[in-house]
Amino acid sequence: LHIIKMSLFRVKYLSFFFILVSVFSFFNIIYSYYFNLYLNLNTYYFSLFSSLIIGLLFYKIKEVDRKPSIFEKILTVFLGYLLIPVILSIPFYLSIYNLTFLNSVFESVSGFTSTGFTIFDNIKHIDQGLILWRSSIQWIGGLYFLFSIIFLIDIYDDSLKKSLTNFLSFNSSEVLKQTIKIFVLYSCITILIFFILNIFDIRSFHSLNLSMTIISSGGFLPSNNLSSILLNEGQIIVFSLLMLVSFFSIFFIYNLIFLRDKNLNFFYEDIHLFLYFLFIVAIFFIFFSFDTDFIYSFLSLVSSISNIGISLEIDQSKLSFIYLILVIIGGSFFSTSSGLRFLKIYSLTKYSLNQILSFSKPKNIFMNKLLFSKINFDFKEINKYFLTIIIFIISLFILTSLLSLSEISFESSFKLAVLTLMNTVNSSAYGLSDFDFNNLHFLTKYFIIFFMIIGRVELISLLLIAKKFLFKY
């Protein structure tokens, strides 16, 4: 085997996910044989062997013997978001449904980034094997996102690192320890969600797909609408509460059970998120449940803060703008949800108020410290938070303009741009449940694919890449 040295990409990191794709391809083959689903059976053999070969090649590639720079890590994560969905698109492209290569890649990128946009008009016409493959793509993508947080840990602030570990700089052994912990937690929580949904009489096939959707903060459904799956109020309430899994940190339950030293640093983000959640639930209950049953609003609320986006087929047009704001705010840093993150917005707001008060009351000292924590955030962290918001606004303006030029109404363009950048599926909660992605212009599909990937990668990464190419050190 020819040994190739890679200077910019750490492809050995990607090899695990290509091998994981081959494992899921094998599972789909077994599932198809067991339930006599032969229509698209051969397509999974192609994804199995292609992903296995690429995974082994990437693993064998000899990398430069030095610690990778943050720039190299960011490029590696971007490369994964480009290459892995191409392999994941093979079963779509080779299926009996005559999908173009672009539509196949669109579907796979949408799943891998946990967005949930789909080019399929009627899910009932798809065989169960391919529906399960769509959900598997989300599951793999959610795990890739969590692993990438650890891989790119150096772009995060010290205060965020302290909420995860006592180490401020990760060596290879610490990275391995954290990634193994994530994989075990991610898998166990998926299984737990599956069993809970089964206990409440949701069909096993739907429970399996929904468990992978919830844990990954994805948007793919195994049916045309959620109303055909959740048949009573009990199921709606349980499903809504389970979606909070992708709102809080994936380490939250683990830390509660296994952490001996209950250091508040490990819980401060989730405490803030819990108070934020209680506040918005109270606001919705008091002010926004006047014309619908509260549990329907509650489901859409939880779905929005978790960046899942799915909702029941009821008219919620009056609340669509509020749901979009919740989507933009997002959830925990160490979860599969997207958004700007509540803690960033809270810290930036508190810092700004302290600065204003310091001018009006110069003799007073105002601490830039988070509640329930001894962690202070400094000016460098605030700069990063501010730049992240600026990059989001610029990206939102660009994508909205591009979509408007594609003869989509400005309102729909704006909503779709927000959902794309926040990796949240279109639904009745945002007034876009009937949006047709299949018949979009091919350039528009490319734009949405690109910005779905941009939204999934930490926005500050774009600034670091721009700095590398446009400015000299």
Side-chain angles (χ1 to χ4, degrees), residues 9-32 40 43-61 63 73 76-94 104-105 107-115 129-152 172 175-191 193-194 208-209 211-218 220 246 250 334-336 423 453 456-457:
F9 302 108
R10 298 297 169 135
V11 294
K12 188 168 289 189
Y13 167 75
L14 301 179
S15 64
F16 169 78
F17 292 95
F18 280 103
I19 293 173
L20 188 62
V21 172
S22 67
V23 171
F24 272 87
S25 299
F26 179 74
F27 286 160
N28 255 60
I29 291 171
I30 300 299
Y31 183 88
S32 298
N40 297 300
T43 64
Y44 306 119
Y45 283 105
F46 285 100
S47 61
L48 168 63
F49 291 116
S50 58
S51 58
L52 187 60
I53 291 170
I54 294 174
L56 293 176
L57 285 174
F58 279 8
Y59 183 78
K60 290 292 185 180
I61 286 176
E63 296 178 339
K73 291 180 178 181
T76 301
V77 171
F78 267 113
L79 182 67
Y81 275 110
L82 294 174
L83 292 184
I84 298 174
V86 172
I87 301 300
L88 292 169
S89 70
I90 291 176
F92 296 123
Y93 183 61
L94 299 180
S104 301
V105 172
E107 191 78 9
S108 62
V109 170
S110 177
F112 192 68
T113 57
S114 300
T115 306
L130 202 60
I131 291 175
L132 186 61
W133 181 251
R134 294 166 82 237
S135 301
S136 302
I137 290 174
Q138 293 181 130
W139 196 91
I140 297 169
L143 186 64
Y144 182 79
F145 178 71
L146 292 173
F147 273 34
S148 297
I149 292 176
I150 303 301
F151 192 61
L152 300 176
S172 57
V175 169
L176 181 62
K177 173 186 173 183
Q178 296 296 338
T179 50
I180 291 175
K181 186 194 297 185
I182 287 173
F183 182 78
V184 173
L185 283 171
Y186 193 75
S187 303
C188 290
I189 294 173
T190 305
I191 296 171
I193 294 172
F194 169 72
L208 178 59
N209 285 277
S211 63
M212 289 190 278
T213 292
I214 291 172
I215 190 63
S216 65
S217 189
F220 285 155
S246 56
I250 193 171
F334 299 108
S335 70
T336 53
N423 303 108
I453 296 173
R456 204 55 171 157
V457 179

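These numbers come from the heavy atoms of this one structure, side chains and all, not from hydrogens, waters or symmetry mates. Note that the coordinates shown come from a computational prediction; the quantities given were computed from them, not determined experimentally.
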Legend entry - Closest contact, heavy atoms only, Gly80 versus Leu14: CA-CD2, 3.7 Å
Legend entry - Atom pair CD1/OG1 of Ile215 and Thr190 - distance to nearest 0.5 Å: 4.5 Å
Legend entry - Donor-acceptor contact present, side-chain Ser211 to main-chain Phe194, <3.5 Å: no
Inset, instruction - First locate atom CD1 of Ile29, then atom OG1 of Thr43, and finally report the distance between them rounded to the nearest 0.5 Å. - result: 8.5 Å
Inset, instruction - Would you name the heavy atoms of Ile182 and Leu143 that are closest together and state the gap between them? - result: CG2-CD1, 4.1 Å
Inset, instruction - Look up atom CZ in Phe220 and atom OG1 in Thr115, then write down how far apart they are to the nearest 0.5 Å. - result: 8.5 Å
Legend entry - From CA spacing to verdict: side-chain contact (heavy atoms from CB on, under 4.5 Å), Leu146, Phe334: CA-CA 7 Å; Leu146 292 173; Phe334 299 108; 5.7 Å; no
Legend entry - Donor-acceptor pair, side chain of Ser246 and main chain of Ser217, under 3.5 angstrom: no
Legend entry - Parallel, tilted or perpendicular, as decided by the 30° and 60° cut-offs, for the rings of Phe49 and Tyr45: parallel
Inset, instruction - Please round to the nearest 0.5 Å and tell me the distance separating atom OG of Ser110 and atom CD of Gln138. - result: 8.0 Å
Legend entry - Other residues, nucleotides, ligands: >12 heavy atoms within 6.0 Å of Tyr59 OH: no
Legend entry - side-chain contact (heavy atoms from CB on, under 4.5 Å) assessment of Arg134 paired with Asn209: CA-CA 9 Å; Arg134 294 166 82 237; Asn209 285 277; over 6 Å; no
Inset, instruction - Check whether the ring centres of Phe16 and Phe58 lie less than 6.0 Å apart, and answer yes or no. - result: no
Inset, instruction - For Ser47 and Ser25, work out which heavy atoms get closest and say how close. - result: OG-OG, 2.9 Å
Inset, instruction - Kindly give the heavy-atom pair with the smallest separation between Tyr144 and Phe17, and that separation in Å. - result: CA-CE2, 3.4 Å
Inset, instruction - Go through the side-chain N and O atoms of Tyr13 and Ser148 and say whether any donor and acceptor fall under 3.5 Å apart. - result: yes
Legend entry - Side chain proximity check, Trp133 to Leu88, heavy atoms < 4.5 angstrom: yes
Legend entry - Partner of Phe18 by side-chain contact (heavy atoms from CB on, under 4.5 Å), out of Leu56, Leu52, Leu83: Leu83
Inset, instruction - Would you check if Cys188 and Leu185 make a side-chain contact, meaning some heavy-atom pair closer than 4.5 Å? - result: no
Inset, instruction - Evaluate the criterion side-chain contact (heavy atoms from CB on, under 4.5 Å) for residue pair Val86 and Ser108; output intermediate values, then yes/no. - result: CA-CA 7 Å; Val86 172; Ser108 62; over 6 Å; no
Legend entry - Reported CG-to-CG distance for the pair Leu130 and Asn40, which is rounded to 0.5 angstrom: 5.5 Å
Inset, instruction - Kindly indicate whether the side chain of Ile193, heavy atoms from C-beta on, has any atom under 4.5 Å from the side chain of Ile189. - result: yes
Legend entry - Rounded distance (nearest 0.5 Å) linking atom OG1 of Thr113 with atom CD1 of Ile453: 7.5 Å
Inset, instruction - Report yes if the side chains of Ile250 and Ser335 come closer than 4.5 Å at any heavy-atom pair, otherwise no. - result: no
Inset, instruction - Report the C-alpha distance between Val11 and Thr76 in whole Å, list the side-chain angles of each, state the deciding distance to 0.1 Å, and finish with yes or no for side-chain contact (heavy atoms from CB on, under 4.5 Å). - result: CA-CA 7 Å; Val11 294; Thr76 301; 5.9 Å; no
Legend entry - Considering all heavy atoms, the nearest Ser136-Asn28 contact: OG-OD1, 4.2 Å
Legend entry - Ring center gap for Trp139 and Tyr186 short of 6.0 angstrom: yes
Inset, instruction - Answer yes or no for Arg456 and Phe145: cation-pi contact, defined as NZ/CZ to six-membered ring centre under 6.0 Å and angle to ring axis within 45°. - result: yes
Legend entry - N/O donor-acceptor pair under 3.5 Å between Tyr44 side chain and Ile30 backbone: no
Inset, instruction - Please lay out, stage by stage, how Asn423 and Ser114 fare under the test side-chain hydrogen bond (donor to acceptor under 3.5 Å, both in side chains). - result: CA-CA 6 Å; Asn423 303 108; Ser114 300; over 6 Å; no
Inset, instruction - Return yes if some donor-acceptor pair links the side-chain N/O of Ser216 with the main-chain N/O of Gly142 below 3.5 Å, else return no. - result: no
